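Have a look at the structure below before the remarks.
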Amino acid sequence: MGETNPATSINDDLLLKNFFAEVSEVERDNEVARILSCFKLNPFEYLNLSFDSSIDDVKKQYRKLSLMVHPDKCKHPQAKEAFGALAKAQQLLLDQNERDYLLSQVNSAKEELRAKRKKQLKKDTASKIKSLVEEGKYDKQYEQSEEFQQELKIKVRELLTEQEWRRRKMQMRISEEEGRLKRDEEEQKEMWKRKREHEEEWEGTREKRVSSWRDFMKGGKKNKKGEIRPPKLKTEDPNKSYVQRPVKRG
C-alpha cells in the first residue's frame with residue numbers, strides 16, 4: 001500500500017525521455033523566460049500548476065520542468081537561475097506550513113471573488129434566475145472557467161503582495177526596535193565605562209590628595225615663601241567684623 005508500481009514508473013520515465021527528445025532549444029529558452037517572469041510569491045506559478053494540485057502533481061511537474069531547464073541541457077544564460085527558482089517552488093509546496101498559508105490566501109481570494117460575483121448577479125436578473133434554477137451548478141461552472149481562474153490568479157497575487165508588505169513592515173519595525181535597544185545598551189555600557197574610568201582615576205590620585213591635605217594642615221596659616229597677602233581693611237569699630245563704608249561729610 002502506498003508503493004509506486006514499477007511498471008508505471010518505467011512508463012513515466014519513457015514518456016519523459018520521449019518528451020525531451022522532442023523539445024527544441026527554443027522551447028527550453030521560452031520556458032526559462034516564463035519561469036523568470038513568474039510572480040515571486042506564488043510557487044504554483046513557477047511550476048505552472050493550478051491551486052488544487054496534489055503533492056504528487058508538484059513532484060511530477062518539478063521533475064519535468066527542472067529537466068527541461070537544467071543548465072546542463074539548456075544553453076540559456078539564465079537557465080541556472082530558472083532551475084533554482086523551480087527547486088525553491090517545489091520546496092515551498094512540499095512544506096506543509098507554507099502550503100497551508102498559500103491555500104489560505106487562495107481561499108480568501110475565492111471568497112472575495114464570490115462576494116463580488118454575488119453583487120453582480122443581483123443586478124443581472126437573467127444570471128440570477130439561472131443560478132437559482134441550476135442550484136449552484138452555474139456558479140461551479142463559472143469557477144471552473146478560464147475567466148475565473150485568471151481573476152483568481154490576479155486576486156491571489158494581490159493578497160500575497162499585501163501580506164508580504166505587512167510582513168516586511170513588521171520586520172522593519174522589529175529591526176528598528178532591535179537597533180534602538182542595541183543603541184541604548186551601547187550608551188549604557190559607555191556611561192558605565194566612563195564612570196568606572198573616573199572612579200579609577202579618582203582612586204589613583206587618592207594618595208596625592210591625602211598628601212596635599214596633610215601638607216596644608218601642617219602649614220596652617222603660614223604664608224608660603226614669596227606669597228603676597230592682600231592688605232587688611234580698616235574699620236571704624238575694631239570689634240565689628242564688617243567693613244564700614246566711609247561717610248561723606250559737608
Side-chain angles (χ1 to χ4, degrees), residues 32 35-47 58 62 66 69 71 77-109 112 155-235 240-245:
V32 170
I35 292 169
L36 296 179
S37 66
C38 286
F39 179 58
K40 295 184 182 297
L41 301 177
N42 186 358
F44 285 101
E45 281 194 34
Y46 280 105
L47 294 175
V58 171
Y62 168 72
S66 62
V69 300
Q78 291 179 292
K80 186 176 181 180
E81 186 179 344
F83 182 78
L86 289 177
K88 184 178 180 181
Q90 180 191 226
Q91 182 183 3
L92 290 173
L93 293 178
L94 294 182
D95 184 298
Q96 191 60 49
N97 292 331
E98 289 290 342
R99 188 181 178 85
D100 289 345
Y101 165 71
L102 288 165
L103 293 179
S104 71
Q105 298 305 307
V106 172
N107 290 332
S108 296
E112 287 193 28
K155 178 56 67 174
V156 169
R157 283 187 178 189
E158 291 177 4
L159 294 181
L160 289 175
T161 301
E162 184 179 342
Q163 291 298 324
E164 178 64 14
W165 173 239
R166 287 179 181 175
R167 186 192 68 79
R168 291 189 184 187
K169 281 181 71 176
M170 182 60 68
Q171 188 61 44
M172 192 183 301
R173 288 176 183 173
I174 291 172
S175 297
E176 288 174 355
E177 182 63 16
E178 287 176 347
R180 186 187 67 78
L181 292 173
K182 188 175 181 181
R183 287 194 299 273
D184 289 347
E185 184 181 355
E186 289 175 351
E187 287 175 3
Q188 285 290 329
K189 286 181 179 179
E190 186 63 27
M191 183 186 73
W192 284 109
K193 181 182 176 183
R194 289 197 300 268
K195 185 178 179 181
R196 188 169 58 253
E197 289 174 350
H198 176 72
E199 290 174 349
E200 289 174 355
E201 183 180 351
W202 178 260
E203 187 63 26
T205 58
R206 183 173 178 276
E207 289 298 326
K208 184 178 180 181
R209 293 195 312 276
V210 171
S211 178
S212 298
W213 175 252
R214 285 173 181 165
D215 292 344
F216 173 76
M217 293 302 291
K218 285 179 182 178
K221 294 183 178 180
K222 293 180 180 180
N223 294 341
K224 292 181 181 179
K225 188 176 181 180
E227 181 181 2
I228 301 175
R229 298 184 66 183
K232 293 183 178 179
L233 296 174
K234 294 181 179 180
T235 63
K240 294 181 180 178
S241 59
Y242 60 85
V243 178
Q244 290 186 342
R245 294 180 181 180

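Values below: every heavy atom of this structure, side chains too, minus hydrogens, waters and symmetry copies. For clarity, every value in this text was computed on a predicted model and none was experimentally measured.
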Contact summary for Leu103 and Phe44, nearest pair of heavy atoms: CD2-CZ, 4.1 Å

Is there a donor-acceptor pair under 3.5 Å between the side chain of Asp95 and the backbone N or O of Gln91? no

Spacing of OH belonging to Tyr46 relative to CG belonging to Leu36, to within rounding of 0.5 Å: 7.5 Å

Whether Glu158 and Lys155 form a salt bridge (side-chain N of Lys/Arg under 4.0 Å from carboxylate O of Asp/Glu) is what I want to check. yes

Using atom types as modelled and distance alone, determine if a side-chain donor or acceptor of Glu45 lies under 3.5 Å from a backbone N or O of Phe39. yes

What's the separation between atom CG in Leu94 and atom CZ in Arg99, rounded to the nearest 0.5 Å? 8.0 Å

Residue Arg180 excluded, over 12 heavy atoms near CZ under 6.0 Å: yes

Once rounded to the nearest 0.5 Å, what's the spacing between atom NZ of Lys195 and atom CH2 of Trp192? 4.0 Å

Quick one, Arg167 with Glu164, criterion salt bridge (Lys or Arg N to Asp or Glu O under 4.0 Å). Give me CA distance, side-chain angles, the key distance, then yes/no. CA-CA 5 Å; Arg167 186 192 68 79; Glu164 178 64 14; 2.6 Å; yes

For Met170, look at atom CE and say whether over 12 heavy atoms of other residues, nucleotides or ligands are found less than 6.0 Å away. no

Glu186/Lys182 under side chain to side chain contact (heavy atoms under 4.5 Å, CB included): CA gap, chis, key distance, verdict: CA-CA 6 Å; Glu186 289 175 351; Lys182 188 175 181 181; 3.6 Å; yes

Roughly how far, to the nearest 0.5 Å, is CG of Leu102 from CG of Asn107? 11.0 Å

Could you give the distance from CZ (Arg157) to CG (Asn42), rounded to the nearest 0.5 Å? 7.5 Å

Please assess Lys189 against Glu185 for the test salt bridge (Lys or Arg N to Asp or Glu O under 4.0 Å), listing each intermediate value before the final yes or no. CA-CA 6 Å; Lys189 286 181 179 179; Glu185 184 181 355; 3.6 Å; yes

Distance (rounded to the nearest 0.5 Å) between Gln105 CD and Tyr101 OH: 4.5 Å

Show the numbers, then the answer: is there a side chain to side chain contact (heavy atoms under 4.5 Å, CB included) between Arg173 and Lys169? CA-CA 6 Å; Arg173 288 176 183 173; Lys169 281 181 71 176; 4.2 Å; yes

Note, Leu159 side chain near Glu112 side chain (heavy atom, < 4.5 Å): yes

May I have the step-by-step check of salt bridge (Lys or Arg N to Asp or Glu O under 4.0 Å) for Arg166 and Glu162, ending in yes or no? CA-CA 6 Å; Arg166 287 179 181 175; Glu162 184 179 342; 2.7 Å; yes

Do Gln96 and Asp100 meet the criterion of a side-chain donor-acceptor pair at a distance under 3.5 Å? yes

Between Ala82 and Ile35, the two heavy atoms sitting closest are O-CG2, 3.8 Å

